[in-house]
Amino acid sequence: MVAMPVQEIKRRGMSAMNEQLANGPVWVISNNVPKYVVMFGETYRQMEDELSALRVQLSEADVRAGRVTRGTADDLMGELLED
């Protein structure tokens, strides 16, 4: 991932950011600390979709491996209140 100081963005504007975005997401560095990540909206949507699919896969793996407990909301509340 590419990094860019906030001072450069202030000096050169968004054209500097657009040049770097061609290479992927960009860390924005402020006070020598990576603070923000800038990416195209489509890249972000793809990342969200991939993470959602991964969560589903992991949940399905938990079900297949028997790492789930079935019950009602009342059962859960009872367990929580016991502690």
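Because the structure is predicted, anything quoted here is derived from the model rather than measured.
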Can you measure from [atom1] ([X]) to [atom2] ([Y]) and round to the nearest 0.5 angstrom?
X	Y	atom1	atom2	value
R55	E50	CZ	CD	12.0 Å
K35	I29	NZ	CD1	10.5 Å
D74	E79	CG	CD	11.5 Å
Q46	F40	CD	CZ	12.0 Å
R12	M4	CZ	CE	6.5 Å
L76	T72	CG	OG1	8.5 Å

- Count the heavy atoms belonging to other residues, nucleotides or ligands that lie under 6.0 Å from CG of N31, then report whether that count exceeds 12.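 Atom CG in N31 is not packed in, count stays at 12 or less.
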- Check step by step if salt bridge (Lys or Arg N to Asp or Glu O under 4.0 Å) holds for R45 and E42. CA-CA 5 Å; R45 276 189 288 281; E42 183 56 32; 3.4 Å; yes
Does any part of the side chain of [Y], heavy atoms only, come nearer than 4.5 Å to the side chain of [X], both counted from C-beta?
X	Y	result
M1	V26	no
E60	V63	no
I9	V28	yes

Hphob cluster co-occupancy, [X] + [Y], side-chain heavy atoms under 4.5 angstrom:
X	Y	result
W27	V2	no
L51	Y44	yes
V33	V37	no

- Task: Start with the C-alpha gap between M17 and M14, add the side-chain angles, then the distance that decides, and say whether side-chain contact (heavy atoms from CB on, under 4.5 Å) holds.
- Result: CA-CA 5 Å; M17 179 64 67; M14 282 306 293; 3.7 Å; yes
- Query: Judged by modelled atom types alone, do S15 and N18 share a side-chain donor-acceptor pair under 3.5 Å?
  - Reply: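 On atom types as modelled, these side chains do not qualify, holding no pair under 3.5 Å.
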- Taking all heavy atoms of M39 and all of L21, pick out the closest pair and write down the distance.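 Closest pair (atom of M39, atom of L21, distance): CA-CD2, 3.8 Å.
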